[in-house]
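For reference, the structure is listed below as structure tokens.
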2 protein chains.
Amino acid sequence: MNQSVVFPRTDARILADDGDSLSFCSTCAFSQACLSEGMDKSALMELHVLVEHVGPLAAGDHVFREGDPFSAIAAVRAGTVKTYQIDRDGREQVLGFHLPGEVIGLNAIHDDRYPCNAVALDTVMLCRFSFPKIALLASQLPNLQRHLFRLLSHDIGVASLFARDNSADERMAAFLIGLSRRLAARGFSAKRFQLTMSRTDIANYLRQAPETVSRVLRRFEREGLLHIKQRDVEILDLARLQAMATAVLRD
Amino acid sequence: MNQSVVFPRTDARILADDGDSLSFCSTCAFSQACLSEGMDKSALMELHVLVEHVGPLAAGDHVFREGDPFSAIAAVRAGTVKTYQIDRDGREQVLGFHLPGEVIGLNAIHDDRYPCNAVALDTVMLCRFSFPKIALLASQLPNLQRHLFRLLSHDIGVASLFARDNSADERMAAFLIGLSRRLAARGFSAKRFQLTMSRTDIANYLRQAPETVSRVLRRFEREGLLHIKQRDVEILDLARLQAMATAVLRD
DNA sequence: CGGAGCTTTGACGGACCTCAATGCGTGTGG
DNA sequence: CCACACGCATTGAGGTCCGTCAAAGCTCCG
């Protein structure tokens, strides 16, 4: 396990590849989102100036750790980032999985420290945005400010989804449907994808025992809802899975 | 139960009392917070211009309803506001209780609609801030922008607190300690306070059965942790209660 | 005084966790 | 190239916390 924290140490490598940063940036989810919200090209140029491309990170590399001073948010460009906390008994608590196009670090603004750890689950590429700089730019670009407010507002709702009064089946269905939709929104297949996280991580995230995850997935397969082999999932009955998930996702 | 939505209809009453809005505003939690974060007096004046004082609302009055177009956030000045959703089976899901000094409506920025209902549990006074106006002002006042970012960031963390699989006792202890601290932060007593919400609401918020809430509170009393009569609580053993709550609150 | 609604109390059952053992896949070294 | 070992996943058996159901008590009203 690599113990190093990526953010504070990657300045050198980041500064090294600014030659092609503009071409890279056209694939950056954050920039794309800004564009789609009506930000003009010249504004986007200013955004590009403060972007730092981080990666590739290997599975197990940490993006930041709980308690680190807050300096930047980051958009996931490729791979999956897991955020988690360690409680006082040393047990891990998974807070979320972050796919390409999603932003991490927003919950660190409040008290200027990252309140959780963030670790790469596979090979991860990031766009790093210095928060002081992007906040300053936001005061000049209304659309950027608006985009940031929306990102933050969105995350408020997401956190409370998996309360324990839903059944194990419902939570698992909601988890899979959520993944499917988020991947589809980024252009990936909605019906075939890989679980980049272990069953243990999924169980932890859903507040269940790993054994329960195993049993529920197996039963889903027996009932023809999906096909699963190792970490490769194929959803066979999206409608029925979605119906189970509505109790959690409220759509 | 009063079915009216307060925000869209109170413009007349709000505009009527702008004569003394400045004196009122000195007690507004939001303004105070801005001041304490280093915003200067002239900036605060500009903030006062766009504040609208709403209230008093009676218990059962709605501040906004799920699906209403988003227009404003609001700081609770007095009383308690409950936010909740209705799932497709018609069951209520309590999202949170908002005490004086706390801001509601932040989760509506994302898709320009309030994603939940907000209802007064007792006599409530609010400060209403038009969001377009405060966002515009924020781009001119860096400290205001920073304050808004922090408010949003804070709510991300709060939402995920009760999502974990802690025991009924731990969640109840965390609920009480949370209330105690938030009230103390506003100058109220940390050891004696009123539960402005019903047991049913508490149970719903903690994702428990009302019967469980009843049993746990009763057991806490038998064990000398607190004294409770109806909705009046006196905490007798803050330390022990806090110890139970750490599993949830992580402090 | 009486009724409605919330709260409390008890008995019971079920969903999921814990514990334990086996199976499977991957990487490593002989 | 195969054997072995380690970690993760699976499967089964048993226990428990808490939700559900039912009934009675309490409070605040009219």
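The sequence lines fix the lettering, A, B, ..., with proteins before strands; numbering per chain opens at 1. What you are looking at is a predicted structure, and each value in this text was computed from that prediction instead of being measured.
For the pair B:I202 CD1 and C:dT8 P, the computed distance is 9 Å after rounding to whole Å. Distance, B:N204 CG to D:dG19 P: 12 Å, rounded to whole Å. Between A:Q230 atom CD and D:dA9 atom P the separation is 8 Å, expressed in whole Å. Look at CG on A:L121: it is 15 Å from C1' on D:dC8, rounded to the nearest Å. The separation between B:R207 atom CZ and D:dC18 atom C1' is 16 Å, rounded to whole Å. The CZ-P distance, from A:R171 to C:dA15, rounds to 13 Å in whole Å. Per the geometry, CG belonging to B:L195 stands 14 Å off C1' belonging to C:dC6, to the nearest Å. Rounded to whole Å, atom P of D:dC8 lies 10 Å from atom CG of A:D201.
Relative ring orientation between A:F64 and A:Y114 is described as parallel, the plane-to-plane angle staying below 30° on a 0-90° scale split at 30° and 60°.
OP1 or OP2 of D:dT11 sits under 4.0 Å from a side-chain N or O of A:R218. One finds a side-chain N or O of A:T212 lying less than 4.0 angstrom from the OP1 or OP2 phosphate oxygen of C:dC17.
Among the protein residues, A:A209 comes within range of the nucleic acid bases, having at least one heavy atom under 4.0 Å from a base atom.
Residues B:E102 and B:H154 form no side-chain contact, since every pair of their non-hydrogen atoms from C-beta on lies 4.5 Å or further apart.
With C:dT7, D:dC18, C:dC17 as the candidates, the nucleotide lying closest to the side chain of A:Q208 is C:dC17. Checked against D:dA9, C:dT7, C:dC16, the side chain of B:R199 finds its nearest nucleotide in C:dT7. With C:dC16, C:dT9, D:dC8 as the candidates, the nucleotide lying closest to the side chain of B:S214 is C:dT9.
Under 3.5 Å, the side chain of B:E211 and the base of D:dC21 form at least one donor-acceptor pair of N or O atoms. Residue A:R219 places no side-chain atom within donor-acceptor reach of the base of D:dT10, judged by atom type and a 3.5 Å distance cut-off alone. Residue side chain B:R215 does not reach the base of D:dG19 through any donor-acceptor N/O pair under 3.5 Å, judged by distance alone.
Checking A:K229 against A:D169, the closest nucleotide of DNA chain C that is more toward the 5' end is the one next to A:D169. Between A:A168 and B:T200, the one whose closest nucleotide on DNA chain C sits nearer the 5' end is B:T200.
For B:F193 and B:F188, the distance between ring centers is not under 6.0 angstrom.
The number of heavy atoms from other shown groups lying within 6.0 Å of CZ (A:R192) does not exceed 12.
At distances below 3.5 Å, at least one donor-acceptor pair connects side-chain atoms of B:S180 with backbone N or O atoms of B:A190.
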